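Report on the following structure.
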2 protein chains.
Amino acid sequence: MTVDDAAGPTLLPATAMAGRDEPVDRILATAYELFSSRGIRGVGVNELINSSGVSKATFYRHFPSKDALVLAFLELRDQVWTVDLIVGEARKRGTTAEEQLLAVFDVFGDWFQREDFEACSFINVLLEMGAGHPLGKASIDYLSRIRGHVQALAEEAGLDRPEEFARSWHILMKGSIISATEGDTLASKRAQQMARWLIEHHRGL
Amino acid sequence: MTVDDAAGPTLLPATAMAGRDEPVDRILATAYELFSSRGIRGVGVNELINSSGVSKATFYRHFPSKDALVLAFLELRDQVWTVDLIVGEARKRGTTAEEQLLAVFDVFGDWFQREDFEACSFINVLLEMGAGHPLGKASIDYLSRIRGHVQALAEEAGLDRPEEFARSWHILMKGSIISATEGDTLASKRAQQMARWLIEHHRGL
DNA sequence: CGGGGCGAACAGACCGGTCTGCCTCGGAGT
DNA sequence: ACTCCGAGGCAGACCGGTCTGTTCGCCCCG
């Protein structure tokens, strides 16, 4: 799994796949597009293999089950979306750690207005499969990684109780994503304002 | 399936069904339980009819399709959960409108700790079916009704820009529900704290 | 010549939805 | 008071389609 070495954010893992045309890469790239936009249950294995131009036997040679592919998709999503698009872009947009934190919601604002905005795959999979399902548990794990990034920035900014801070911050992130799914593209601004208050109350006295 | 006629909130629609044993009521009661806990796609028509002790012909005499039943379920959920459990209970717990608003997150706190906590069906259905699907659109409508309750309370409390207030408030509600689904039962407290800041900034100067 | 990919058929389960019987119960007609 | 009939509920077979996953045969390329 190569790294996105190009400049600028992208939602598609195309750059990550650049130069590779192996069946396993085609499958993963297709899975990323389809799972992101239509969910897990909404995409069947037959559609996956047709769209990626791969035979079923080849598919099952590389992935023992559909769930295994979903797991790989979540891993890829963590890299492409969480790390590169959200955290990476936010760190680029701000100079201080506090600015970078707030920039998360600027990135959200751009993201919410995209045609292909498809909400957060980790939340989607968690709610679709349930917290008890292995895929739900994996999603919870990736969500906690997001919180880890926020906590790291909070520590850089020297904020009080960074773990608690990150949990509250994450509430704002997730809530604004749901609101954006409902159609409120300004949800990022509302969340950002509440985020400012949260920062103020976590600054060392 | 006995009836919970005791005082206090209940998540089951048993009280609404009290004294009735018609097939249509049994179907709806079963649908409420199964759809709430396992989602729409996770429950098939065959299981619905078996669990409610109804024949398939009877089922389709009362509901032209599964989607029609889901629509009826969402309507029931709005009454039982939104109106009775959340808004009704919050209004009971507070004296002033501001107290009643904040009490929403106290009710959430109790709700998050329930064994049968199953998140918000409207969010679940919205993400499961997509915002373009009729059921997704219906869910968006019911979510906006929740926001309407919040806005009404904000107006009673004399807060500034009640519509904007309600949208921000709703972000906190939805975000805390997702966090609770991940296992953070204290999410209600974190959201409540941010909600207090939100109230302060919407009070007339 | 052999491994990997392809296309396709196939299996078994389940999906939403239709339809055919059988039974019961209640009300109307004589 | 007795009969008759139809509405509505129950049970379950059945339909075409889709789901995940398996397997077989062919071909191409190293």
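For clarity, every value in this text was computed on a predicted model and none was experimentally measured.
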query = Between residues 131-139 of chain A and DNA chain D, which residues have a heavy-atom gap below 4.0 Å?
reply =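 Close to the strand, none.
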inquiry  = Suppose we screen for ring pair (Phe, Tyr, Trp, His ring centres under 6.0 Å). Which residues come up paired with A:F108, at least two apart in sequence or across chains?
reply    =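 Applying ring pair (Phe, Tyr, Trp, His ring centres under 6.0 Å) to A:F108 gives A:F105, A:W111, A:F112.
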ask   = Hey, does the side chain of A:E89 reach the backbone of A:L85 with a donor-acceptor pair shorter than 3.5 angstrom?
value =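 No; judged by distance alone, with no hydrogens or angles, the pair does not exist.
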query = Just by modelled atom types, is the B:G94 backbone N or O under 3.5 Å from a matching donor or acceptor in the B:Q100 side chain?
reply =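 Yes, the answer is positive, given that a donor and an acceptor are paired below the 3.5 Å cut-off.
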inquiry  = Return whichever of A:S55 or A:N46 has its heavy-atom-nearest nucleotide of DNA chain C closer to the 5' end.
reply    =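 So the residue in question is A:S55.
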task = Would you kindly compare A:T58 and B:G44 by the position of their nearest DNA chain C nucleotide and give the one closer to the 5′ end?
result =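 The answer here is A:T58.
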query = With sequence neighbours excluded, what pairs up with A:R161 under the side-chain hydrogen bond (donor to acceptor under 3.5 Å, both in side chains) test?
reply =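 For A:R161, no residue satisfies side-chain hydrogen bond (donor to acceptor under 3.5 Å, both in side chains) once neighbours in sequence are set aside.
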task = Compare the minimum distances between each of D:dG21, C:dG5, C:dG17 and the side chain of A:K66, then state the nucleotide with the smallest one.
result =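 In terms of side-chain proximity for A:K66, the closest of D:dG21, C:dG5, C:dG17 is D:dG21.
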query = Testing A:F35, A:Y142, A:Y32, A:F73 for side chain to side chain contact (heavy atoms under 4.5 Å, CB included) with A:S121, which one passes?
reply =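 Only one of A:F35, A:Y142, A:Y32, A:F73 forms a side chain to side chain contact (heavy atoms under 4.5 Å, CB included) with A:S121, namely A:F73.
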ask   = Residues two or more places apart in sequence or in another chain: which of them pass side-chain contact (heavy atoms from CB on, under 4.5 Å) with B:D141?
value =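 For B:D141 the side-chain contact (heavy atoms from CB on, under 4.5 Å) partners, ignoring immediate neighbours, are B:S144, B:R145.
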Polar atoms only, N or O, under 3.5 Å: list the protein pairs with nucleotides 22-25 of chain D and their distances.
none

ask   = Do the side-chain N or O atoms of B:H62 get closer than 4.0 angstrom to the phosphate oxygens (OP1, OP2) of D:dG8?
value =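 Checking B:H62 against D:dG8: no side-chain N or O falls below 4.0 Å of OP1 or OP2.
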Short side-chain N/O contact to D:dG8 OP1/OP2 from B:R61, under 4.0 Å =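 So the side chain of B:R61 is outside the cut-off, no N or O lying under 4.0 Å from OP1 or OP2 of D:dG8.
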query = Would you say A:F117 and A:T181 make side-chain contact, with heavy atoms under 4.5 Å?
reply =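 Touching, per the 4.5 Å side-chain cut-off.
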With a 4.0 Å cut-off, would you call [X] and [Y] a salt bridge?
| X | Y | result |
| --- | --- | --- |
| B:R91 | B:E156 | yes |
| B:E163 | A:R190 | no |
| A:R38 | A:E47 | yes |

request  = For the helix from C:dC1-D:dG30 to C:dT30-D:dA1, measure the angle between the helix axis at one end and the axis at the other, each built from five pairs, rounding to 10°.
outcome  =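 Result, rounded to 10 degrees: 10°.
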